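Start at 1 and go down the list; that is how both ligands and their atoms are numbered. All values derive from a computational prediction rather than experimental measurement.
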Amino acid sequence: MQKAQLQLSQVGISFPTAKGDFVALQNVNLDIAQGEFVSLIGHSGCGKSTVLNIVAGLLQASTGGVILNNKEVNEPGPERAVVFQNHSLLPWLTVYQNVELAVKQVFRGKKSKSEMRDWILHNLALVQMTHALDKRPSEISGGMKQRVGIARALAMQPQVLLMDEPFGALDALTRAHLQDSVMDIQAKLNNTVIMITHDVDEAVLLSDRIVMMTNGPAATIGEILHIDLPRPRERLALSDDARYNHYRHQVLSFLYEKQRKIEPLHTQTKAAKPAIVTVEAKSA
Ligand SMILES: Nc1ncnc2c1ncn2[C@@H]1O[C@H](COP(=O)(O)OP(=O)(O)OP(=O)(O)O)[C@@H](O)[C@H]1O
Ligand SMILES: [Mg+2]
């Protein structure tokens with residue numbers, strides 16, 4: 001493998017809680033090469049967002065650390081754009097202005113006013129949000145907010161794109177469209193991507209490697225699966241491809257055999273409907 005652009009070494013973190021320190025992550029070691037597409041997958045609460053936030057510089061590791069381009073990461077920077085799990089647009093700015101703010105931060109002095117405008121519009125068109133340029137976040141749906149968050153991150157042309165379940169809130173068609181866009185953009189720009197997902201098909205389709213995390217507390221990397229499928233990748237062709245299905249099976253077996261996680265029924269609140277409890281228990 002070529003030299004790592006991004007290195008996570010012995011990363012651990014504990015959070016102070018009322019019951020004492022809670023060790024969320026321990027001994028997370030991962031080297032990522034420039035241009036690699038890495039997915040993080042694991043059960044809810046295992047620590048995926050925490051890993052991403054440490055790489056983003058939004059959380060400080062309690063042990064170990066992160067090195068990007070030979071420099072330690074201690075704070076956020078425009079070379080690392082984040083698409084958050086809960087879309088985080090500034091509520092007082094319009095869709096256009098939310099993207100503009102990020103674009104100005106990166107391209108001030110490098111692009112003219114009209115070039116910036118074209119670039120903002122181009123990225124909003126990519127996520128099919130041109131119709132809502134002047135709307136504020138409170139006036140658009142959750143999936144639309146997520147799309148604007150993706151446009152904002154892509155518009156920064158970051159060296160490292162950090163995405164926390166970026167397509168989770170989208171309908172299947174939009175999701176497929178955006179997955180293809182992200183693959184195209186990444187092929188063009190060769191930026192490094194770390195993406196958290198719960199969707200096994202999405203992980204196999206997009207990734208060079210899938211990093212599978214163990215359940216917490218003290219979660220760490222359980223297994224790493226290399227996805228050796230040629231690019232560009234085409235979802236329809238792959239759905240009938242034996243290697244694709246083999247990778248898919250390996251991820252499913254990690255999640256549902258090796259790291260099986262069933263919430264005991266008695267922890268469910270009384271408010272939970274029995275039908276939902278049954279479905280969750282079966283699919284867990
Ligand atoms: N600030 C905090 N204080 C205390 N505990 C925290 C804090 N942030 C996260 N945790 C705990 O750390 C663990 C990992 O949380 P994290 O949000 O990283 O999980 P996740 O894998 O992203 O889950 P999901 O798939 O549901 O988004 C959880 O048990 C969570 O409760
Ligand atoms: Mg999360």
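The closest protein non-hydrogen atom to atom 17 (O) of ligand 1 is S49 CB, 3.8 Å. In terms of protein heavy-atom proximity, atom 25 (O) of ligand 1 is nearest to K48 NZ, 2.7 Å. Among all non-hydrogen protein atoms, the one lying nearest atom 26 (O) of ligand 1 is S44 OG, 2.6 Å. Ranking protein heavy atoms by distance to atom 9 (C) of ligand 1, first place goes to F15 CE1, 3.5 Å.
Distances from ligand 1 to the non-hydrogen atoms of G216 include no value under 4.0 Å.
Counting heavy atoms of neighbouring residues, nucleotides and ligands inside a 6.0 Å radius, atom CG of D240 does not exceed 12 of them. D21 CG: more than 12 foreign heavy atoms inside a 6.0 Å radius.
A side chain to side chain contact (heavy atoms under 4.5 Å, CB included) with S62 holds for exactly one of I54, L25, I13, V11; it is I13. A side chain to side chain donor-acceptor pair (under 3.5 Å) with H246 is found for one member of R248, R243, Q250, H249 and no other, namely Q250.
Taking every non-hydrogen atom of F22 and a distance limit under 4.0 Å, the qualifying atoms of ligand 1 come out as 11 (C), 12 (O), 13 (C), 29 (O). The E165 neighbourhood of ligand 1 comprises atoms 25 (O), 27 (O), with distances under 4.0 Å to a heavy atom of that residue. Atoms of ligand 1 lying under 4.0 Å from any heavy atom of Q85, numbered from 1 in the order shown and given with element: 27 (O). The distance from ligand 1 to the heavy atoms of H198 drops below 4.0 Å at these ligand atoms: 25 (O). Atoms of ligand 1 lying under 4.0 Å from at least one heavy atom of T50, given by number and element, are 14 (C), 15 (O), 16 (P), 18 (O).
Because the distance cut-off is set at 2.8 Å, S44 fails to qualify as a neighbour of the Mg ion (ligand 2), as none of its N, O or S atoms comes that close. The nearest N, O or S atom of T50 is not closer to the Mg ion (ligand 2) than 2.8 Å.
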Would Y247 and V200 count as a side-chain contact (heavy atoms from CB on, under 4.5 Å) here? Give the steps. CA-CA 9 Å; Y247 292 135; V200 175; over 6 Å; no
Does the side-chain hydrogen bond (donor to acceptor under 3.5 Å, both in side chains) test come out yes or no for N69 and Q159, once each step is laid out? CA-CA 10 Å; N69 301 326; Q159 281 183 40; 2.7 Å; yes
Working for side-chain contact (heavy atoms from CB on, under 4.5 Å), residues E100 and T94: CA-CA 10 Å; E100 183 183 39; T94 64; over 6 Å; no
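Note: the hydrophobic cluster containing I150 also contains W119 (ILVMFWY, side chain heavy atoms under 4.5 Å, direct or indirect links). L124 and L93 sit in two unconnected hydrophobic clusters of ILVMFWY residues. Membership requires side-chain heavy atoms under 4.5 Å apart, directly or through other members.
Residue-level proximity to ligand 1 for A24 is carried by the side chain, the only part with a heavy atom below 4.0 angstrom.
Within the 4.0 angstrom cut-off, atom 4 (C) of ligand 1 has one or more protein heavy-atom neighbours. There is no protein heavy atom less than 4.0 angstrom from atom 31 (O) of ligand 1.
The heavy atom nearest to atom 13 (C) of ligand 1, considering only G45, G47, A18, is found in G45.
A salt bridge is defined here as a Lys NZ or Arg NE, NH1 or NH2 lying under 4.0 Å from an Asp or Glu carboxylate O, and R235 with D201 fails to meet this definition. In this structure, R231 pairs ionically with D208, as a charged nitrogen and a carboxylate oxygen lie closer than 4.0 Å.
Considering the Mg ion (ligand 2) as centre, the angle to OG of S49 and to OE1 of Q85 is 80° (10° rounding).
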